[in-house]
Chemist: 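Sharing a structure below in structure tokens format, with a few things to ask.
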Amino acid sequence: MQHVQEYLAKNKDRFIEELIELLKIPSISADSAFSQDVIDTAEAIKSALERAGCDTVEICETNGYPIVYGEKIIDSNLPTVLVYGHYDVQPPDPMDLWNSPPFEPEIRKTETHPEGAIYARGACDDKGQMYMHVKAFEFMVKTQQLPCNVKFMIEGEEEVGSKNLGDFVALNKEKLANDVILISDTGMIANDIPSITTGLRGLSYVEVEVTGPNRDLHSGLYGGAVANPNNILAKMIASLHDENNHITIPGFYDKVEELSKDERNQMAEAPFSLERYKKALDINDVHGEEGYLTNERNAIRPTLDVNGMWGGYTGEGAKTVIPSKAFAKISMRLVPNQDWQEITELFQQHFESIAPKSVTVKVKPHHGGQGYVTPIDTVAYQAASKAYETTFGKIPIPQRSGGSIPIVSLFERELESKTILMGFGLDSDAIHSPNEHFGIWNYLKGIETIPYFYQYFTQLS
Ligand code: BES
Ligand code: MN
Ligand code: MN
């Protein structure tokens, strides 16, 4: 690849400016109050893809938010890379914890990012990482170095479970046909320890409702004699883990893939400091399943977590009340071979079975998806590895991530191709949290590395 450094030096201010403009649009897919902004973001991506050099770009309508599709086909005999990303973002709340407003991007320097980081919702997840691909593509087109065909599929519903993407993919298999899928929506170990994500966890997300009496009651007049849904729900949830932090749902672990000693030893070689991990989170100790290391607990083991819990009086001051209902949102991260629908059913059966007669419970499944593991003995992985080696000067470490991009396993099933996860974010970038940011160094490094993937992938194919 000629002149990538030069092109970056000349254009980096514009690349940052363009990303900042994109980050100003609050494309929050979860909140219908922002639906026009989500749609406006799709339009902005369309025009960015056109300017970067796509031959055709379409806004593909769905039952939800549109999918932006663009392509540049230079020769049908050459390989085709399909880039996937998402332009929607998580809600920014709690707002008062942001040091600068989430949709007014600000560049600030930090210890981890001495060259500055862009602070905004979506900076890393996924507008910044998705836009690296648009700019890397621009570089290849404008310098006549695009070595193969490219297709872009950028969706607006990833953060709410990609509800309509599955149908779109199933209906457009030919249009989306490719030799490899390339995604930057994950992270790496550190800026001086490059890694390639080789696995994602699956997900089952449910909401539970526990109902006691038919109305809120005075907690003095009725307290002690009637089931309190808040108390019952807390007890039911607590019972979902045993004293070793194993999940107690019968059958939950039946299909869990157990890694061999060798594989676990290999994982343990990845650089990791427990002390630094605890310090970064201000915790005195870590917590998790007995018999597994932190790096295993958050990548190769399934989990069950309460994401939110409410019921009764949560306003200012005190109100003495036994609520009629209590609620919780629960997510289970799954590992390869666990089927998310099966797990959802197991959860439902178990949760209903442990409810005392004094209450009724409802379990409402939200969304989910399968986990994914990518093999490393493929041309695509080798190409990615060589690309990192070229720009980082180090061979990247393959690493399984704890996060989920459920659509990846669907891509494999429907399009019969493997996905390469070239993430350039860091765990400390605070995705989904207040003060999300993305290092400018990381952004530019991504733009620099991606063209080498195209080059090596085409050469090796
Ligand atoms: N980009 C993330 C997933 C991710 C982040 C994977 C870092 C690996 C490393 C994605 O946008 C996301 O947030 N996914 C959700 C699931 C989705 C169905 C809402 C998740 O993992 O919670
Ligand atoms: Mn993402
Ligand atoms: Mn996300």
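When a ligand or atom number is given, it counts from 1 through the structure's own listing order.
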Chemist: Using a cut-off of 2.8 Å, how many protein N, O or S atoms sit around the Mn ion (ligand 2)?
Modeler: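 Near the Mn ion (ligand 2), the number of protein N, O or S atoms below 2.8 Å is 4.
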Chemist: Who gets closest to atom 2 (C) of ligand 1 by heavy atom: N307, L203, D125?
Modeler: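 Answer by nearest heavy atom: D125.
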Chemist: When you look at NZ of K278, are more than 12 heavy atoms from neighbouring residues, nucleotides or ligands closer to it than 6.0 Å?
Modeler: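 Yes, because the 6.0 Å sphere around NZ of K278 holds more than 12 heavy atoms from other groups.
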Chemist: Could you tell me whether the side chain of T248 and the main chain of L240 form a donor-acceptor pair under 3.5 Å?
Modeler: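 Answer holds: yes.
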Chemist: What protein heavy atom sits nearest atom 6 (C) of ligand 1, and how far off is it?
Modeler: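 Sorting protein heavy atoms by distance from atom 6 (C) of ligand 1 puts G403 CA, 3.6 Å first.
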Chemist: Can you tell me which residue and heavy atom of the protein come closest to atom 8 (C) of ligand 1, and the distance to 0.1 Å?
Modeler: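 Ranked first by proximity to atom 8 (C) of ligand 1 is S401 OG, 3.0 Å.
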Chemist: Check whether any N or O atom of E158, backbone or side chain, sits under 3.5 Å from an N or O atom of ligand 1, and answer yes or no.
Modeler: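 By distance alone, the answer is yes.
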Chemist: Are E296 and R264 within salt-bridge range, i.e. N to O under 4.0 Å?
Modeler: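 Answer for the salt bridge query: yes.
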Chemist: Evaluate salt bridge (Lys or Arg N to Asp or Glu O under 4.0 Å) for E17 paired with R14, printing each intermediate quantity in order.
Modeler: CA-CA 5 Å; E17 255 330 293; R14 174 173 61 86; over 6 Å; no
Chemist: Give the atoms of ligand 1, by number and element, whose distance to some non-hydrogen atom of I431 is under 4.0 Å.
Modeler: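 Under 4.0 Å from I431, ligand 1 has these atoms: 5 (C), 7 (C).
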Chemist: Heavy-atom distances under 4.0 Å decide this one: backbone, side chain, both or neither, for S404 against ligand 1?
Modeler: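 Both backbone and side chain.
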Chemist: With a cut-off of 6.0 Å (strictly less than), are more than 12 heavy atoms of other residues, nucleotides or ligands near NZ of K235?
Modeler: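 No, not enclosed.
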Chemist: Within 45° of the six-membered ring axis of F137 and under 6.0 Å from that ring's centre, is NZ or CZ of K72 located there?
Modeler: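 Here K72 fails the 6.0 Å and 45° test against F137.
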Chemist: Could you tell me whether K175 and E58 make a salt bridge, using a distance below 4.0 angstrom between a side-chain N and a carboxylate O?
Modeler: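 Yes, this pair counts.
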Chemist: Can you spot which of F15, Y443, Y87 makes a side-chain contact (heavy atoms from CB on, under 4.5 Å) with Y131?
Modeler: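 One option only clears the test, and that one is Y443.
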Chemist: State the atoms of ligand 1, each with its element, that fall below the 4.0 Å cut-off from a heavy-atom position in P406.
Modeler: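 Listed by number with element, the hits are 18 (C).
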Chemist: Starting at CZ of F424, measure out to CG of D185 and round the result to the nearest 0.5 Å.
Modeler: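 Rounded to the nearest 0.5 Å, the CZ-CG separation comes out at 13.0 Å.
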Chemist: Any idea which of H86, M188, R333, E159 brings a heavy atom closest to atom 22 (O) of ligand 1?
Modeler: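 Residue with the shortest heavy-atom distance to the ligand atom: R333.
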Chemist: Could you check whether K445 makes a cation-pi contact with F392, meaning its NZ or CZ is under 6.0 Å from the centre of the six-membered ring and within 45° of the ring axis?
Modeler: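 Yes, a cation-pi geometry.
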Chemist: Assess H432 for proximity to ligand 1: is some non-hydrogen atom of it under 4.0 Å away?
Modeler: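 Per 4.0 Å heavy-atom rule, H432 contacts ligand 1.
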Chemist: If you measure from OG1 on T110 to CZ on R108, what distance do you get to the nearest 0.5 Å?
Modeler: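 Between T110 OG1 and R108 CZ, I get 9.5 Å after rounding to 0.5 Å.
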Chemist: Would D185 count as a contact residue for ligand 1, given that I'm defining contact as a non-hydrogen atom of the residue lying under 4.0 Å from a ligand atom?
Modeler: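 Contact check D185 vs ligand 1: positive.
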